[in-house]
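See below for the structure under consideration.
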Amino acid sequence: MTHTRNPNSPWGAPLDPLAEDVAAVLKSMGGSAHQSVVVDCVAAMKRQRGEQVAQDLAARVVEVFEKYRDLFFRPFGEGSMRWALQPGLA
């Protein structure tokens with residue numbers, strides 16, 4: 001599956017569309033949120049666009065958080081379930 005970059009994306013370099021969704025959710029929540037809230041909001045966004053929500057969405061969101069550490073971090077440390085946009089992106 002090929003992905004095209006959203007020309008309206010505020011994140012600069014091309015991102016996985018799921019990473020764009022995750023970043024948009026965090027931005028709309030003031031820059032940080034609990035992982036489960038992010039998953040729920042991404043699922044709602046997908047449904048609203050008429051997309052199917054994969055069974056493994058939660059695992060895929062965690063993979064995105066880990067893959068894009070230049071965008072996302074755990075503000076309360078590595079054991080926390082809270083994620084945030086890196087400073088300057090929120």
Side-chain angles (χ1 to χ4, degrees):
M1 173 198 265
T2 58
H3 299 288
T4 57
R5 182 178 170 273
N6 176 352
N8 300 319
S9 173
W11 317 116
L15 290 180
D16 176 319
L18 184 57
E20 286 192 19
D21 286 349
V22 167
V25 166
L26 288 174
K27 187 169 179 101
S28 75
M29 297 189 152
S32 71
H34 191 277
Q35 180 175 302
S36 64
V37 172
V38 174
V39 171
D40 290 344
C41 289
V42 169
M45 288 172 66
K46 287 182 164 293
R47 285 187 199 100
Q48 188 174 30
R49 292 189 302 243
E51 298 174 21
Q52 284 209 307
V53 177
Q55 291 280 70
D56 66 343
L57 180 63
R60 291 183 57 226
V61 167
V62 171
E63 287 173 12
V64 161
F65 280 134
E66 295 294 343
K67 180 178 179 182
Y68 292 98
R69 283 300 186 114
D70 55 329
L71 292 178
F72 311 116
F73 75 105
R74 294 180 192 253
F76 300 124
E78 288 305 310
S80 170
M81 297 293 282
R82 190 163 190 91
W83 287 91
L85 289 169
Q86 289 288 354
L89 296 177

TODO: Treat each ILVMFWY residue as a node, draw an edge where side-chain heavy atoms are under 4.5 Å apart, and state whether Leu85 and Val37 are in one component.
DONE: yes
Task: Residues that Glu63 engages under salt bridge (Lys or Arg N to Asp or Glu O under 4.0 Å), provided they are two or more places apart - done: none
TODO: Taking salt bridge (Lys or Arg N to Asp or Glu O under 4.0 Å) as the test, write out the residues that go with Arg74, two or more places apart.
DONE: Glu66, Glu78
TODO: Quick one: list whatever passes side-chain contact (heavy atoms from CB on, under 4.5 Å) with Met81, sequence neighbours left out.
DONE: His34, Gln35
Open item on the list: Show the nearest heavy-atom pair for residues Val38 and Val25, with the distance to one decimal.
Closed with: CA-CG1, 4.0 Å
Open item on the list: Run the side-chain contact (heavy atoms from CB on, under 4.5 Å) test against Ser28 and tell me which residues pass, sequence neighbours left out.
Closed with: none
- [ ] Sorted by first residue and then second, give each ring-ring contact (aromatic ring centres under 6.0 Å, His included) pair with at least one member in residues 39-65; sequence neighbours left out.
- [x] Phe65-Phe72, Phe65-Trp83
- [ ] Kindly write out the residues that satisfy side-chain contact (heavy atoms from CB on, under 4.5 Å) with Ala54, not counting sequence neighbours, or none if the list is empty.
- [x] Asp56, Arg60
- [ ] State, to 0.1 Å, how close Arg82 and Pro75 come at their nearest heavy-atom pair, and which atoms those are.
- [x] O-CD, 3.4 Å
Task: Value rounded to 0.5 Å, distance of CD in Glu20 from CG in Leu71 - done: 10.0 Å
- [ ] Search all heavy atoms of Leu26 against all heavy atoms of Ala84 and return the closest pair with its distance.
- [x] CD1-C, 4.0 Å
Open item on the list: Looking at Gln86 and Arg69, would you say the former's side chain and the latter's main chain have a donor-acceptor pair under 3.5 Å?
Closed with: yes
Open item on the list: Looking at every non-hydrogen atom in both residues, tell me the closest pair between Leu57 and Val39 and how far apart they are.
Closed with: CD2-O, 3.9 Å
